[in-house]
Amino acid sequence: MKPSPPRDPLGLRSELSPRSQLLLLVLSFILPLALWSAISYLPFLWHPMVRITEPGGVDYFQKGQLVDRQVFSEESAKAVSAGLAKPDGHRANPVYLPAPHEVARALVTAFQTPPRLPTEPWLHQSLWHSVTIIFWGFTLSSLVGLPLGILCGSFRAVSRTTEPFIEFFRYLPAPAFGALCVAVLGIYDAPKIAIIFIGTFFQQVLVIANTVRKVDPALLEAAQTMGASPKQLVTRVIIPASITDVYTDMRILLGWAWTYLIVAEFIGTSSGITYFINQQGRYRNFDNVFAAIMMIGIIGLASDLFLAWLGKQIFPWKGNGRPSILRLFFKALAPDYVK
Amino acid sequence: MNIPKSLTLAAALVIATTAGAFAQAKKEPLKIAYSDWPGWIAFEVGIQKGWFKEAGVDVKFEWMDYLPSMDAFAGGKVDAVTMTNGDALVTGANGGKSKFILLTDYSNGNDMIVAKPGIKSLKDLKGKKVGLEVTLVEHLLLLKGLEKNGLKQSDITLVPTPTNETPQTLASGQVEAIGAWYPVSQQALKAVPGSKPIWTSADAPGLIYDVLAVSPQSLSARKEDWAKVAKVYYKIVDYLKDPKTKDDAVKIMAAKVKVSPEEFATFLPGTYFLTLAETKARFKKTDGLDSLYGSTAIANKFNVDNAVYKESQKPEDYIDASIIESLK
């Protein structure tokens with residue numbers, strides 16, 4: 001009889017079973033949603049506002065208006081003592097916290113609503129515009145940042161000549177370059193791409209250089225003993241040894257690029273998902289704002305899932321550091337087929 | 001292929017590309033950056049109706065937020081921008097010189113200082129905090145109001161706040177009042193129940209004129225085209241003022257900023273649209289607020305007095321009445 005494995009429900013010493021992994025994965029999404037629902041649907045939990053149903057004797061109250069509970073009780077006491085009609089209303093959340101079903105509805109209707117002027121973009125066109133901005137910003141940054149990061153990590157001379165300046169520059173906030181980018185690059189997509197570049201590039205070089213530096217020195221010594229040239233050390237040892245970790249870095253850095261999107265799209269012509277968010281926020285349609293923020297989250301997560309899958313195809317010999325949600329999911333469904 | 005033949009071919013190619021480039025340069029559309037203000041959203045009517053094309057002028061309108069639109073103009077990336085006359089001076093003092101070729105409107109209440117409940121006039125603001133975009137148009141509006149109420153800038157504390165964020169700032173309770181223009185001012189009023197406008201541009205009509213500011217180079221190079229643009233604008237104003245067509249104009253403008261036509265219509269009175277005849281009168285040189293010269297000189301004085309910029313700007317350098325006078 002096989003000895004039963006030691007109990008380790010928290011996964012301290014051993015990996016969790018695929019079933020509990022999936023359970024925890026689902027839970028990690030369910031918990032915040034449950035909390036949000038509770039705050040939205042259980043009036044006694046929070047609901048700090050009152051939605052006016054009957055303005056009564058208060059001159060500035062209007063039907064449907066949201067006021068602080070305290071303001072409501074003060075004004076209603078005032079009205080009563082002045083012999084006027086008492087206002088009426090029910091508890092509600094502030095306008096900036098829409099309920100889950102409102103956001104879900106906005107998520108669907110936002111895509112179905114045609115633009116109100118023939119020259120304006122549909123939401124999916126705005127989203128696609130943003131995706132192309134991210135794509136170019138990140139690609140251009142990687143074209144320079146990836147080789148430079150590897151060189152910095154490999155050769156101390158390169159590192160000493162570039163990294164101090166990059167270290168300095170990465171503290172300069174990308175948004176500060178907005179007006180400058182417009183003056184140099186115009187008002188369309190170029191300055192937006194430039195902001196994403198500035199926001200990503202400097203971190204990218206440092207992060208990749210750091211990862212490359214972690215290559216086991218024993219490997220380098222062994223290769224040198226066998227007579228490898230510096231060029232061979234980089235192409236045959238350092239890059240193969242660090243490439244999977246560098247790939248993981250790139251996945252994380254892509255997230256950085258997204259964080260700069262909102263700033264980038266604020267400069268020049270109004271476009272992309274940011275314009276949608278700004279415009280909806282200005283008119284206090286916060287369900288649409290939340291829906292748009294979620295779209296960004298969904299696109300981000302989906303592209304990361306894709307990249308994780310792609311990584312598996314390109315580097316089949318090594319796991320990818322960060323576990324892929326998709327893999328966990330399939331592993332739970334069919335444990336025998338997914339390694 | 002013999003040599004003379006290929007030479008001819010090369011020469012022909014060079015000529016063709018140069019000619020093409022010239023044609024290109026001539027065809028380049030005028031670029032106008034415009035933003036979220038009723039007087040400027042009105043351009044949308046002309047765009048949607050195809051009136052600019054009809055007038056034979058190739059214009060490209062670029063929809064932006066207000067500050068980025070001025071950045072784009074100062075950076076030389078657009079030929080013209082819609083601004084208030086005061087902000088045009090600020091932009092001009094910082095290197096983005098411009099010529100006002102037409103007046104779109106003057107603010108007649110849509111620019112406002114909104115105070116939270118309990119504050120009834122500007123006098124009550126003494127020693128309190130006000131959030132607004134420092135050095136821009138609401139700053140000027142506030143200073144004018146303070147002056148009328150016998151207060152000075154030093155009697156209050158200004159909290160630099162981007163206009164778009166003023167509703168949240170007022171709601172947070174960290175300031176007693178904010179300065180903003182439509183539609184942001186309306187959001188502030190909605191965000192804080194009981195808040196009231198305590199001073200608006202209707203209290204000083206003509207303090208804030210809205211203009212189409214064109215780069216001097218573009219104006220001198222393509223004056224005829226700019227005259228056509230101006231002409232279309234006043235056609236739009238007439239369309240907006242005609243009771244028969246007003247609703248259609250409002251519908252287009254409301255759609256541009258994604259509000260209902262009914263809601264948009266309620267804020268139109270806060271912007272006084274100027275017809276061509278009215279504009280001509282405002283281009284006459286006097287010292288009062290009923291003249292673009294007078295208003296601009298007052299804005300300049302406030303800006304210099306409050307160290308918005310150092311070098312005094314001359315209204316004559318900015319105002320170009322030639323196009324307005326040429327229109328019939």
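Chain identifiers are assigned alphabetically (A, B, ...) following the order of the sequence lines, protein sequences preceding nucleic acid strands; residue numbering begins at 1 within each chain. None of the values given here were measured: they were computed from a predicted structure.
Rounding to the nearest 0.5 angstrom, the gap separating the CZ atom in B:Phe61 from the OG1 atom in A:Thr119 is 11.5 Å. With rounding to the nearest 0.5 Å, the separation of CD in A:Gln280 from NZ in B:Lys258 is 7.0 Å. For the atom pair CG (B:Asp71) and CD1 (A:Ile267), the distance works out to 8.5 Å, reported to the nearest 0.5 Å.
At a 4.5 Å heavy-atom cutoff, A:Tyr96 makes no contact with chain B through either its backbone or its side chain. Looking at B:Lys196, neither its backbone nor its side chain comes within 4.5 Å of chain A, counting heavy atoms on both sides. Interface remark: B:Glu44 contributes side-chain atoms only to the contact with chain A (heavy atom separation under 4.5 Å). For B:Ala191, the parts lying under 4.5 angstrom from a heavy atom of chain A are both the backbone and the side chain. If you measure heavy-atom distances from B:Ile252 to chain A, the contacts under 4.5 Å come from both the backbone and the side chain. For A:Pro94, no part sits under 4.5 Å from any heavy atom of chain B, backbone or side chain. Heavy-atom distances place no part of A:Val58 under 4.5 Å from chain B, backbone and side chain included. Both the backbone and the side chain of B:Pro193 come within contact range of chain A, each with at least one heavy atom under 4.5 Å from a heavy atom of that chain. No part of B:Val192 comes within reach of chain A, as not one of its non-hydrogen atoms sits under 4.5 angstrom from that chain. Only the backbone of A:Leu66 comes within contact range of chain B, with heavy atoms under 4.5 Å apart. For A:Tyr188, the part lying near chain B is the side chain, with the backbone staying farther off; criterion is any non-hydrogen pair under 4.5 Å.
Taking A:Val67, A:Asn285, A:Leu117, A:Val182 one by one and counting their heavy-atom pairs under 4.5 Å with chain B, the maximum is reached by A:Leu117. The residue among B:Gly76, B:Gly75, B:Ala33 with the most heavy atom pairs within less than 4.5 Å of chain A is B:Gly75. Options B:Ser35, B:Ala74, B:Gly194 differ in how many heavy-atom pairs under 4.5 Å they form with chain A, and the most are formed by B:Gly194.
In terms of modelled atom types and a separation under 3.5 Å, the side chain of A:Thr269 and the main chain of B:Glu62 share no donor-acceptor contact.
Within a 6.0 Å radius of CH2 in A:Trp36, more than 12 heavy atoms belonging to other residues, nucleotides or ligands are found. Around NZ of B:Lys129, the count of heavy atoms belonging to other residues, nucleotides or ligands within 6.0 Å does not exceed 12. Dense packing is recorded around CH2 of A:Trp46, with more than 12 heavy atoms of other residues, nucleotides or ligands lying under 6.0 Å away. Counting non-hydrogen atoms of neighbouring residues, nucleotides and ligands closer than 6.0 angstrom, the NZ atom of B:Lys235 exceeds 12 such neighbours.
Listed here is the closest heavy atom pair of B:Met64 and A:Gly268: CG-O, 3.3 Å.
At least one side-chain heavy atom of B:Asp65 sits under 4.5 Å from a side-chain heavy atom of A:Asn278.
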